[in-house]
Asks: 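Shown below is the structure under consideration.
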Amino acid sequence: MPRLKTMRAESAGGVVYRLEDGVVQVVLVGRTAQNTWFLPKGTPLPGEPREQTAARETREETGLEVRVLEPIGSIQYWFVADRTRIHKTVYYYLMEPVGGDLSRHDPEYDRVAWFPIDQAIAVLTYANDADIVRRAGALIERRLAARAAS
Ligand code: ATP
């Protein structure tokens, strides 16, 4: 069998959070038929800065207008498509909603929902996405502590 060629790919996405009755919640997107849940993310437009891609894709897939707060970190994975091995890196940012509505999400995913952060970690389809939400949780705790102290 001929060797597969290798390519790199990059996407950017977000962990959008809110505080509801003292509980941190985050937004996930998913497909009902496969019972999957993911973080919103997508591919940069030509020349688009990474943070802008993250905010645009999060807005499109969740229906929420968002403000980017800080980087969370990145994940990497491999997959094969069109006889090519793709090494993909996805950069995630912590975000807060500033408007919009979940009902305005685009058709890429058929379900979009707020989850308490522990539940989000439990239902996410990929362990590396769950790790990103854990890291986001630590950043959120730090932000809430700083706010309480000021
Ligand atoms: P994008 O949303 O960035 O435009 P895409 O929808 O074209 O990307 P991916 O979501 O990267 O593509 O999916 C490509 C392949 O990688 C699929 O087989 C998918 O199941 C797998 N995949 C997606 N996310 C992850 C992940 N976090 N960890 C491991 N594999 C993943």
Side-chain angles (χ1 to χ4, degrees), residues 2-20 24-144:
R3 271 191 64 193
L4 296 177
K5 55 183 178 191
T6 298
M7 273 177 53
R8 289 179 174 280
E10 183 179 314
S11 277
V15 176
V16 186
Y17 84 96
R18 70 178 183 186
L19 207 53
E20 197 73 0
V24 175
Q25 298 184 338
V26 301
V27 180
L28 303 184
V29 297
R31 297 202 174 92
T32 311
Q34 295 90 9
N35 193 24
T36 48
W37 289 105
F38 309 105
L39 290 170
K41 66 152 174 60
T43 308
L45 299 171
E48 185 179 43
R50 207 174 267 162
E51 270 190 47
Q52 223 167 290
T53 305
R56 178 181 53 74
E57 289 284 346
T58 300
R59 186 182 64 238
E60 290 172 4
E61 293 181 358
T62 67
L64 298 172
E65 299 294 327
V66 293
R67 175 169 32 239
V68 176
L69 299 171
E70 59 181 308
I72 300 167
S74 62
I75 60 169
Q76 299 190 24
Y77 52 93
W78 287 93
F79 61 96
V80 175
D82 302 328
R83 304 177 58 80
T84 305
R85 265 163 49 85
I86 299 174
H87 182 204
K88 184 153 177 175
T89 306
V90 186
Y91 296 87
Y92 284 109
Y93 293 84
L94 187 64
M95 303 180 181
E96 63 184 1
V98 293
D101 195 287
L102 295 190
S103 67
R104 295 193 207 173
H105 71 85
D106 71 10
E108 178 155 356
Y109 296 96
D110 71 313
R111 58 183 187 178
V112 182
W114 289 102
F115 285 85
I117 190 161
D118 289 346
Q119 207 180 321
I121 289 166
V123 302
L124 273 163
T125 296
Y126 295 114
N128 47 15
D129 280 351
D131 279 343
I132 287 291
V133 174
R134 269 189 215 99
R135 285 159 77 174
L139 297 177
I140 294 164
E141 288 307 321
R142 205 186 299 165
R143 284 177 170 270
L144 296 176

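The figures that follow rest on heavy atoms only: side chains count, while hydrogens, waters and symmetry mates do not.
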Asks: Might you point out which heavy atoms bring Thr62 and His105 nearest each other, and give the distance in Å?
Replies: C-CB, 3.6 Å

Asks: Could you give the distance from CD (Glu141) to CD1 (Ile117), rounded to the nearest 0.5 Å?
Replies: 8.0 Å

Asks: Measure across Thr89 and Ser74 and return the closest heavy-atom pair with its distance rounded to 0.1 Å.
Replies: CG2-CB, 4.0 Å

Asks: Considering only distance and modelled atom types, tabulate donor-acceptor pairs under 3.5 Å from the side chains of residues 123-131, sequence neighbours left out.
Replies:
| from | atom 1 | to | atom 2 | distance (Å) |
| --- | --- | --- | --- | --- |
| Thr125 | OG1 | Trp37 | N | 3.0 |
| Thr125 | OG1 | Trp37 | O | 3.2 |
| Asp129 | OD1 | Tyr92 | OH | 3.2 |
| Asp131 | OD1 | Arg134 | NH1 | 2.5 |

Asks: If I compare all heavy atoms of Ala81 with all of Ile86, which pair ends up nearest, and what's the gap?
Replies: CB-CD1, 4.1 Å

Asks: Under 4.5 Å between any side-chain heavy atoms of Lys88 and Trp78, yes or no?
Replies: no

Asks: Does any non-hydrogen side-chain atom of Arg143 lie less than 4.5 Å from one of Leu69?
Replies: yes

Asks: For Tyr17 and Leu94: C-alpha separation, side-chain torsions, deciding distance, then whether side-chain contact (heavy atoms from CB on, under 4.5 Å) applies.
Replies: CA-CA 8 Å; Tyr17 84 96; Leu94 187 64; 3.7 Å; yes

Asks: Which pair of non-hydrogen atoms, one from Thr58 and one from Gly14, has the smallest distance, and what is that distance?
Replies: OG1-N, 3.4 Å

Asks: Would you compute the distance between atom CZ of Arg85 and atom CE of Met7 and round it to the nearest 0.5 angstrom?
Replies: 13.0 Å

Asks: Could you go through the side-chain contact (heavy atoms from CB on, under 4.5 Å) check for Ile132 and Ile75 one step at a time?
Replies: CA-CA 8 Å; Ile132 287 291; Ile75 60 169; 3.5 Å; yes

Asks: I'd like to check Val133 versus Leu39 (side-chain heavy atoms, cut-off strictly below 4.5 Å). Are they in contact?
Replies: yes

Asks: Supply the atom-to-atom distance Ile140 CD1 to Glu70 CD, rounded to the nearest 0.5 angstrom.
Replies: 9.0 Å

Asks: Can you tell if the side chain of Trp114 reaches within under 4.5 Å of the side chain of Glu20, non-hydrogen atoms only?
Replies: no

Asks: Ignoring hydrogens and angles, tell me if any N or O in the side chain of Ser11 forms a donor-acceptor pair with the backbone of Gly42 under 3.5 Å.
Replies: yes

Asks: For Glu65, check side-chain hydrogen bond (donor to acceptor under 3.5 Å, both in side chains) against everything at least two apart and list the hits.
Replies: none

Asks: Compare every heavy atom of Ala55 with every heavy atom of Val68, then report the nearest pair and how far apart it is.
Replies: CG2-CB, 4.0 Å

Asks: Below 4.5 Å, heavy atoms only, C-beta onward: do Tyr77 and Val90 meet side chain to side chain?
Replies: yes

Asks: Check step by step if side-chain contact (heavy atoms from CB on, under 4.5 Å) holds for Val26 and Val16.
Replies: CA-CA 5 Å; Val26 301; Val16 186; over 6 Å; no

Asks: State, to 0.1 Å, how close Ala136 and Val15 come at their nearest heavy-atom pair, and which atoms those are.
Replies: CB-CG1, 3.9 Å

Asks: Mind running side-chain contact (heavy atoms from CB on, under 4.5 Å) on Arg59 and Asp106 for me, showing each step along the way?
Replies: CA-CA 9 Å; Arg59 186 182 64 238; Asp106 71 10; over 6 Å; no

Asks: Between Val24 and Leu19, is there a side-chain heavy-atom distance shorter than 4.5 Å?
Replies: yes

Asks: So does Asp82 get a backbone contact from the side chain of Thr84, meaning a donor-acceptor N/O pair under 3.5 Å?
Replies: yes

Asks: Under the 3.5 angstrom rule, does the side chain of Arg31 hit a backbone N or O of Glu108 as a donor-acceptor pair?
Replies: yes

Asks: What I'd like to find out is whether the side chain of Leu139 reaches to under 4.5 Å of the side chain of Ile72, using heavy atoms alone.
Replies: yes

Asks: Is the backbone N or O of Glu10 less than 3.5 Å from a side-chain atom of Arg50, with the two atoms forming a donor-acceptor pair by type?
Replies: no

Asks: For the residue pair Val112 and Leu28, establish whether any side-chain heavy-atom pair is separated by less than 4.5 Å.
Replies: no

Asks: Can you sort out the partners of Asp118 under side-chain contact (heavy atoms from CB on, under 4.5 Å), two or more places apart, ordered by chain and number?
Replies: none

Asks: With a 3.5 Å cut-off and no angle check, do the side chains of Thr53 and Glu48 form a donor-acceptor pair?
Replies: yes

Asks: Are a donor atom and an acceptor atom from the side chains of Gln76 and His87 found within less than 3.5 Å of each other?
Replies: yes

Asks: Closer than 4.0 angstrom, basic N to acidic O: yes or no for Glu61 and Lys41?
Replies: no

